[in-house]
Protein chains: 2
Amino acid sequence: MRNPKRFGHLQDCKIAYFSLKEDVLFMPVTLKDVAAAAGCSVTTTSRALGGYDDVNEQTRERIITIAKELGYQPNVLARQLQAQRADTIGFVFPQAAHQPDDDFFSLLMKGISYVASNNQFDLLVSSQLTQEDELRAYQRIAAGRRVDGVIVARTLRNDPRIKYLKNNNYPFVVSGRSAPDEPDDFPYVDADSQAGIRQVVAHFIGYGHEHIGFISSPPELAFTEYRLHGYRDALAAANLPYRADYVVHGDLQRESGQQAAEDLLRRHPQITAIVSSNDAMALGAMAAVQSIGKQVGVDVAIGGFDDIPLARYSVPGLTTVRQPIYHIGELVAEMLIQIINGEAPEETGILLEPELIVRDSSGQPL
Amino acid sequence: MRNPKRFGHLQDCKIAYFSLKEDVLFMPVTLKDVAAAAGCSVTTTSRALGGYDDVNEQTRERIITIAKELGYQPNVLARQLQAQRADTIGFVFPQAAHQPDDDFFSLLMKGISYVASNNQFDLLVSSQLTQEDELRAYQRIAAGRRVDGVIVARTLRNDPRIKYLKNNNYPFVVSGRSAPDEPDDFPYVDADSQAGIRQVVAHFIGYGHEHIGFISSPPELAFTEYRLHGYRDALAAANLPYRADYVVHGDLQRESGQQAAEDLLRRHPQITAIVSSNDAMALGAMAAVQSIGKQVGVDVAIGGFDDIPLARYSVPGLTTVRQPIYHIGELVAEMLIQIINGEAPEETGILLEPELIVRDSSGQPL
DNA sequence: ACAAGTATCCAAAACGTTTCGGTACCTCAA
DNA sequence: TTGAGGTACCGAAACGTTTTGGATACTTGT
């Protein structure tokens, strides 16, 4: 039915696809070819190249020479099939990653990729635009033995991906963790965002702010409640009342942060500080403040969470909480590779302390 | 020798890796299992699932039901080995991608990933920190049949990767292209950076600037000469002299741009505008101007190339030339997939016209 | 001269799929 | 009754490795 015609493109493509040396189509050279050229069996060839000691040194050298001459490269797929191991980890980009401004998933992915390559693992990346596609993508690459384990990012409450992977005993590590009321019975790496938001809110309270708005994230995300808790914790610790109408929800994108901040400031002019669940929305909030003719850090203080690169370079600089995203990617990948290799990771749940970064969007103490 | 012990981790890991339903280790169910359960041959099972019409409709339904019940997922590796096709494209992150501020490769990768997924291709990503490792990575995944084709980014003059891929007739597409004095005998997608830099320099000349510095990129990069040409073209068109001492080299990172701009301004105080080969260095140049107490856009105008997200949000906004990086990623991936599928792409060399984006770093006409 | 040991090699099976070339049976027309 | 044509099925080979379990020949010690 499907007959892919490998190398079909060689015929019609205008560009010269012919080797410079021989006018012949490239045919992969296999172990069999090397064996034939060396005059010995496939087994011996394999073992010679594999460094086993039951092959004569002279033979080995001959085989190695010939393999090099022929440009032999082992077929990775065949090797993986036989080894029942893909030496690959999988990562699915959620839709949010495709926002042009997204830094989070880019950084996470690079951290993952770096560690994977350092451990001779490849990284298989898939982009999916809907929740269902995403789950299907995990099923395909995981159950299809395409990868030895997967990394799950941006957890949802009651996350179907985690449920699936757990049910099937499939190796995985989560960047993020469950919502507070759910069990954390899987390996994860996360920043303690409750403590993080608490820090930045406490920082503003310390500056004398009493009316502090909060831009929250979509309720279906697992981390949303942690950050909201952090906000409430800080208020409670300072004996400030929690007001539900000081909390608005955004979708983590910059624009929604701008919208949310405009709403907050219009409805509650007494608000002098706004803390946002993430930096992108905080930057939008800064724009909102500026658009109504007020000054960030003077009239309204703004705080975020993440410390994406933009936070440092925005004007004024954004006070925020640093979440080491690249490093989280590294840790997640390391943990997954340990699990795949059958080594028990020392810790199966890593919670990183985030760090408050004070910049000019905080303004001065009132 | 190497005996990976798949599922070894299940024994020691503290976390419950046992299925909720059955207290049994997850064993992948194969076609053979389904066939046995359905009481027919592997062949028939395969063809039933494959939608071939030489199997009785009743049988097919029975097989499909059983396959679902058993949670059958085809082993992708086996399928790929037999089909001699990986349905995967490869991309190697160069070292530069791991700079925390890098936006270029992140965006390119996302564009690639998006198109790949839309065409049922997976994307294999590898990170390599040196030139040699990078070439080896290409050899391993390409000649090892791990991927059906690869994407090459950040081309060098006389790029060994391109030479290798061309010599082996391996499907590839380049993001970028050869240096001006080298042949472009391979499929590529690039922005016309010569025209782009020409535009921004001409823009400054139009504003009345006569002493314009240029921060160039490392000479081993293929695009360096194009951008330098663009600078010279614009000067020549306006009958302004080209002065070699107005040109300094950076390494594309922000810090080197700052360094370079400081040098330029110290050595040639008459310079009133600086154009940089890329945005990151231009942002560094803005910092340099500010650090010597001058104002960007007033005392010294700054221009960049790329239009990374930061360019819009910096203060003042950076005048630059927009290179649609995400879109280039999409085009590159589309072209590669066409080639892999044996369809001749309409164009094998796409040169995109970049767009001048004037922001406040240009200042006003003198 | 024989047994035991050692060095070197290899055929066959296995990994899980798809495809090739059948076979067996049934039905219909001549 | 025969042959043609169609339907439904399947065994075996193939993809390119690695591993298993010998086999062969040579050496060594008695």
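The sequence lines fix the lettering, A, B, ..., with proteins before strands; numbering per chain opens at 1.
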**Message:** Please give me every residue in residues 36-44 of chain A whose heavy atoms get under 4.0 Å of an atom in DNA chain C, ordered by residue number.
**Reply:** A:C40, A:S41, A:T43, A:T44
**Message:** In this structure, how many angstroms lie between the C1' atom of D:dC9 and the CD1 atom of B:I63, rounded?
**Reply:** 10 Å
**Item:** Difference in axis direction between the ends of the helix from C:dA1-D:dT30 to C:dA30-D:dT1, five pairs, 10°
**Value:** 70°
**Prompt:** Taking only residues two or more places apart in sequence or in another chain, which ones pass salt bridge (charged side-chain N to carboxylate O under 4.0 Å, His left out) with B:E134?
**Reply:** B:R161
**Complete:** When rounded to whole Å, the CD to P distance for the pair B:Q82 and C:dT19 reads 6 Å
**Request:** Enumerate the residues from residues 64-73 of chain A whose closest heavy atom to DNA chain D is under 4.0 Å, giving them by residue number; use none for an empty result.
**Result:** A:Y72, A:Q73
**Asked** Quick one: A:R79 CZ to D:dG16 C1', roughly how many Å, whole number?
**Response** 10 Å
**Request:** Would you please name every residue forming a salt bridge (charged side-chain N to carboxylate O under 4.0 Å, His left out) with A:R62, sequence neighbours left out?
**Result:** none
**Message:** Using modelled atom types and a 3.5 Å cut-off, is there a donor and acceptor pairing between side-chain atoms of A:N341 and backbone atoms of A:E343?
**Reply:** no
Protein-nucleotides 4-6 of chain D N/O pairs closer than 3.5 Å?
none

**Asked** What residues form a salt bridge (charged side-chain N to carboxylate O under 4.0 Å, His left out) with B:D53, not counting sequence neighbours?
**Response** none
**Message:** Could you tell me how far apart B:Y52 (OH) and D:dA8 (C1') are, to the nearest whole angstrom?
**Reply:** 16 Å
**Asked** Does the pair A:D185/A:K166 count as a salt bridge with the N-to-O cut at 4.0 Å?
**Response** yes
**Message:** Please report the distance, rounded to the nearest Å, between CG in A:D33 and C1' in D:dT17.
**Reply:** 13 Å
**Request:** Nearest whole angstrom, please: distance from the P of D:dT18 to the NZ of A:K32.
**Result:** 15 Å
**Message:** Just the rounded figure in Å: distance from P of C:dT8 to CD of A:Q58.
**Reply:** 10 Å
**Presence of A:Q84 side-chain N/O under 4.0 Å of D:dT18 phosphate oxygens OP1/OP2** = no
**Item:** All pairs passing ring pair (Phe, Tyr, Trp, His ring centres under 6.0 Å) where residues 113-136 of chain B contributes a residue, at least two apart
**Value:** A:H98-B:Y114
**Message:** By the side-chain hydrogen bond (donor to acceptor under 3.5 Å, both in side chains) test, which pairs, at least two apart or in different chains, include something from residues 117-126 of chain B?
**Reply:** A:R140-B:D122, A:R146-B:D122, B:S126-B:Q128
**Asked** Taking only residues two or more places apart in sequence, or in another chain, which ones meet A:E57 in a salt bridge (charged side-chain N to carboxylate O under 4.0 Å, His left out)?
**Response** A:R60
**Request:** With heavy atoms under 4.0 Å as the rule, sort A:T30 into base, sugar-phosphate or nothing.
**Result:** sugar-phosphate
**Asked** Looking only at side chains, do A:K110 and B:S127 share a donor and an acceptor under 3.5 Å apart?
**Response** no
**Request:** Determine the contact category for B:N56: base if any of its heavy atoms lies under 4.0 Å from a base atom, sugar-phosphate if only primed atoms, P, OP1 or OP2 are that close, otherwise nothing.
**Result:** sugar-phosphate
**Message:** What I want to check is whether the side chains of B:S41 and B:T44 have a donor and an acceptor closer together than 3.5 Å.
**Reply:** yes
Identify each donor-acceptor pair in which a side-chain atom of residues 63-72 of chain B lies under 3.5 Å from a protein atom, sequence neighbours left out, and give them as a table.
| from | atom 1 | to | atom 2 | distance (Å) |
| --- | --- | --- | --- | --- |
| B:T65 | OG1 | B:E61 | O | 2.6 |

**Item:** Derivation and outcome, side chain to side chain contact (heavy atoms under 4.5 Å, CB included), residues A:V152 and A:F186
**Value:** CA-CA 11 Å; A:V152 175; A:F186 49 77; over 6 Å; no
**Item:** Per B:L81 side chain, nearest of listed nucleotides C:dT8, C:dC10, D:dC15
**Value:** D:dC15
Please set out all donor-acceptor pairs under 3.5 angstrom arising from side-chain atoms of residues 27-36 of chain A, sequence neighbours excluded.
| from | atom 1 | to | atom 2 | distance (Å) |
| --- | --- | --- | --- | --- |
| A:T30 | OG1 | A:K32 | N | 3.1 |
| A:T30 | OG1 | A:D33 | N | 3.4 |
| A:D33 | OD2 | A:T30 | N | 2.8 |

**Prompt:** Do the ring planes of A:F93 and A:F105 sit parallel (below 30°), tilted (30 to 60°) or perpendicular (above 60°)?
**Reply:** perpendicular
**Request:** Take atom CD of A:E57 and atom C1' of C:dA7, then tell me their distance rounded to the nearest Å.
**Result:** 12 Å
